[in-house]
Amino acid sequence: MSTYKLSDVTALNGNPVVQINNSDSVLGAVPGSLVQIGTEQIVFLDSVDIENSQITLTAPWPYADTVNAECTIAPITAVSSLLNAISNANQLISKTIGMAQKSTLFNYSSVAKIIAAVLSGELTAGISVTTDGYYDDSYVGD
């Protein structure tokens, strides 16, 4: 996603709504994006109102009134997606380790093979596994 540059906005202290004073467009800007108005510290975007040429911040503008200032909006959805993927992977690994710590019914040669078994449905909650292998090419047990 692109970074949006607005050349003329007004942000009033205590108000989360920022007025776009010209025809600059933020079509496609998404909630959660980083917003910097003038030289103030970064705040976050809550929503965009294209019809009224406004953006709304997640919290009221905490700085002094800023009139006719430049504004940059930097979408961070790619970072959010990456963090969600990492979180999901951590949850899967935690579940796999939890299953492996119960009494042994299956012994897989690697954590990768255990994860593959969980994803395929071969292993479900209540089935215990262990691993004592260090690479994916050997299978131990049944």
Considering all heavy atoms, the nearest [X]-[Y] contact:
| X | Y | answer |
| --- | --- | --- |
| T3 | P75 | CA-CD, 4.3 Å |
| I20 | Q54 | CD1-N, 4.2 Å |
| N52 | Q19 | O-NE2, 3.2 Å |
| L45 | I73 | CD2-CG2, 4.4 Å |
| F44 | V35 | C-CG2, 4.3 Å |
| L12 | T10 | CD2-CG2, 3.8 Å |

Joint hydrophobic cluster, I55 plus I50, side-chain heavy atoms closer than 4.5 Å: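 Same cluster.
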ILVMFWY cluster, I37 and Y63 together (side-chain gap under 4.5 Å):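 I37 and Y63: one cluster.
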Within the structure provided, determine whether [X] and [Y] are in side-chain contact (heavy-atom separation under 4.5 Å).
| X | Y | value |
| --- | --- | --- |
| V18 | C71 | no |
| T66 | W61 | yes |
| D46 | L57 | no |
| L92 | L119 | yes |

Between CG on residue L6 and CG on residue N22, distance to nearest 0.5 Å: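 Atom-to-atom, L6:CG and N22:CG are 7.5 Å apart.
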Pair N13-D65, side-chain donor/acceptor within less than 3.5 Å: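 No, because no side-chain N or O of N13 sits under 3.5 Å from a partner of the opposite role on D65.
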Greater than 12 external heavy atoms within 6.0 Å of E70's CD: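 Open.
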Working for side chain to side chain contact (heavy atoms under 4.5 Å, CB included), residues D49 and T56: CA-CA 8 Å; D49 181 351; T56 302; 5.9 Å; no
